[in-house]
Protein chains: 2
Amino acid sequence: MKTVDRSPAALPAREPETGVSRYALLAREMRQRVVKGLWPAGSAIPAESELAQEFGVALGTVRQALALLVAEGMLERVQGRGTFVSQGLSGASMLRFFRFRDATGEVPQSTILERRSVNATAEQAGLLGIAPPARCLRLKRLRSLQGSPVLLEDILLPLPDFEPLQRLPLKSWDDLLYPMFWKHCGITVARAQDELTFGAPDAAQAAALGLQPRHPCIRVERRAYDFAGRCIELRTTLGDAHAFHYSAETR
Amino acid sequence: MKTVDRSPAALPAREPETGVSRYALLAREMRQRVVKGLWPAGSAIPAESELAQEFGVALGTVRQALALLVAEGMLERVQGRGTFVSQGLSGASMLRFFRFRDATGEVPQSTILERRSVNATAEQAGLLGIAPPARCLRLKRLRSLQGSPVLLEDILLPLPDFEPLQRLPLKSWDDLLYPMFWKHCGITVARAQDELTFGAPDAAQAAALGLQPRHPCIRVERRAYDFAGRCIELRTTLGDAHAFHYSAETR
DNA sequence: GAGTGGTCTAGACCACATC
DNA sequence: ATGTGGTCTAGACCACTCA
């Protein structure tokens with residue numbers, strides 16, 4: 001059987017050395033461009049045809065790489081308009097773990113109870129990937145629906161990345177935190193990992209939530225990451241266990 | 001600009017009438033073949049090239065349709081071997097919502113406490129899509145780890161589909177239910193929807209779990225569906241809230 | 001109308017599994 | 001050796017968005 005003489009070059013489907021496919025390499029390169037800020041969040045990336053030309057591959061190969069990054073949540077495609085770098089999670093609301101009456105889809109009001117800079121514990125510093133003294137911004141935040149407190153949050157953000165939030169007047173804080181991360185600190189939240197457990201609040205926590213001491217609560221421990229995979233937030237959220245309601249699908 | 005004369009026919013990318021793409025139509029057809037049993041669970045479906053020939057489309061179009069069904073969990077592809085119809089969920093273990101000490105990854109032992117045929121309530125019949133008198137098989141089942149009861153389940157299965165389980169000697173029941181559905185009733189569980197809430201057990205339930213009356217519990221309400229989208233199981237599971245532990249990712 | 005992503009074709013070669 | 005899915009090419013046309 002004769003082989004076809006392809007021009008300009010008959011490249012193998014995979015890198016012979018590493019065994020990594022070409023579209024996977026493309027995806028890796030484009031991921032780097034987002035992480036390094038060459039393609040900022042919200043901006044449009046070059047058209048498929050341009051990318052194909054730049055990387056010297058066929059259109060279909062570029063599309064395969066793009067599909068990977070779309071599945072990861074890093075890119076978003078809009079027919080007729082272009083391909084855009086994701087702005088990251090906007091809310092990732094803790095409210096999805098709860099169901100409070102007469103409050104479906106509503107954004108709860110936020111009150112910052114406390115804002116201090118502290119040294120993270122060794123464990124926290126390890127999770128955040130920062131070295132001692134591991135300076136952090138610590139927030140205590142109460143979230144309310146129709147005037148009633150529903151969630152109490154304890155948030156740890158590494159400094160100096162979140163320095164702008166240290167000075168920002170508490171009055172000008174928004175109800176949603178992640179858009180503020182982006183607006184004031186240029187930080188995008190790409191992914192959040194939540195661990196739910198059952199537990200009781202301490203006396204102060206119960207009081208802040210308007211609950212009896214030792215009232216059963218659900219505790220959500222969150223770790224949030226940026227597109228580089230770096231942990232950029234540690235958060236503990238407490239809410240009334242009787243309001244707990246979560247829906248999970250398996251397939 | 002001249003158009004290329006493609007043979008044998010220049011079909012449009014979409015059905016002009018419906019606006020549905022060709023690969024979506026292909027996927028719909030193949031989905032039907034699985035639902036109707038023409039392609040039974042676990043069997044290999046025809047090769048890509050055969051499908052392309054049968055449907056009169058290019059290979060890439062077939063691949064696009066297959067990718068859809070793989071994403072749905074209906075098909076599984078194995079390089080070099082072929083494409084197979086999924087056997088469905090094997091476990092979908094309730095244990096993923098809990099963390100009992102010294103028991104990670106272990107399959108809990110199952111004991112059937114009760115097996116009766118009952119009439120479903122109107123609500124249950126509606127969910128199961130069956131008409132009155134809505135005969136069902138009702139199971140009460142205790143699941144234990146290292147001899148200690150951990151989960152109490154109340155399961156409702158529509159008759160006559162699950163008739164074989166009505167007669168099967170309780171001794172020959174397996175620890176996992178879904179493989180039994182398939183083995184004895186030919187029913188595949190494609191998808192399960194779980195709703196988690198907080199609540200207290202009644203006296204009998206607490207006793208069965210070896211807990212104090214009113215001990216805090218997590219309640220899991222499950223609806224399981226086959227590939228045709230029909231609900232084929234209603235289940236309520238109770239477990240100690242202190243053992244509750246769930247991990248959720250947002251991206 | 002120009003530019004974007006979405007769909008589709010008709011091939012080719014590569015890597016893997018099985019006999 | 002044969003057959004499978006996985007990767008890749010170099011085109012074409014379609015549907016959508018926006019200036």
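The structure presented is a predicted model; accordingly, all values stated were derived computationally and were not measured.
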Just the atom pairs and distances: protein N or O near nucleotides 2-5 of chain C's N or O, under 3.5 Å.
unit_1, atom_1, unit_2, atom_2, d
dG3(C), N2, Gly80(A), O, 3.0
dT4(C), O2, Gly80(A), N, 3.4
dG5(C), OP1, Thr83(A), N, 3.4
dG5(C), OP1, Thr83(A), OG1, 3.0
dG5(C), OP2, Glu48(A), N, 3.0
dG5(C), N2, Gln79(A), OE1, 3.4

Taking OP1 and OP2 of [N], is either one under 4.0 Å from a side-chain nitrogen or oxygen of [X]?
X        : N      : answer
Tyr23(B) : dC8(C) : no
Thr61(B) : dT7(C) : no
Arg22(A) : dT9(D) : yes

Heavy atoms only: give me the nearest Ile232(B)-Leu128(B) pair and the separation to one decimal.
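Here Ile232(B) and Leu128(B) meet closest at C-CD2, 4.2 Å.
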Salt bridge Glu54(B)-Arg33(B), side-chain N to carboxylate O under 4.0 Å:
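Looking at Arg33(B) together with Glu54(B), the answer is yes, because their closest N to O distance falls below 4.0 Å.
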Rounded to whole angstrom units, what separation is found between the [atom1] atom of [X] and the [atom2] atom of [N]?
X        : N       : atom1 : atom2 : result
Leu59(B) : dT4(D)  : CG    : C1'   : 11 Å
Leu25(B) : dT7(C)  : CG    : P     : 12 Å
Leu51(B) : dT4(D)  : CG    : C1'   : 12 Å
Gln53(B) : dT9(C)  : CD    : C1'   : 15 Å
Glu76(B) : dG5(D)  : CD    : C1'   : 14 Å
Gln64(A) : dC14(C) : CD    : C1'   : 14 Å

Go through the side-chain N and O atoms of Arg143(B) and Thr237(B) and say whether any donor and acceptor fall under 3.5 Å apart.
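No donor-acceptor contact under 3.5 Å links the two side chains.
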Report yes if some heavy atom in the side chain of Val78(B) is under 4.5 Å from a heavy atom in the side chain of Phe84(B); otherwise report no.
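SC-SC contact between Val78(B) and Phe84(B) confirmed.
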Can you name the ring pair (Phe, Tyr, Trp, His ring centres under 6.0 Å) partners of Tyr246(A), sequence neighbours left out?
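Testing Tyr246(A) for ring pair (Phe, Tyr, Trp, His ring centres under 6.0 Å), a comparison that skips the adjacent residues, returns Phe97(A), Tyr246(B).
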Can Glu195(B) and Arg223(B) be said to form a salt bridge (Lys or Arg N to Asp or Glu O under 4.0 Å), step by step?
CA-CA 9 Å; Glu195(B) 305 264 332; Arg223(B) 300 178 194 175; over 6 Å; no
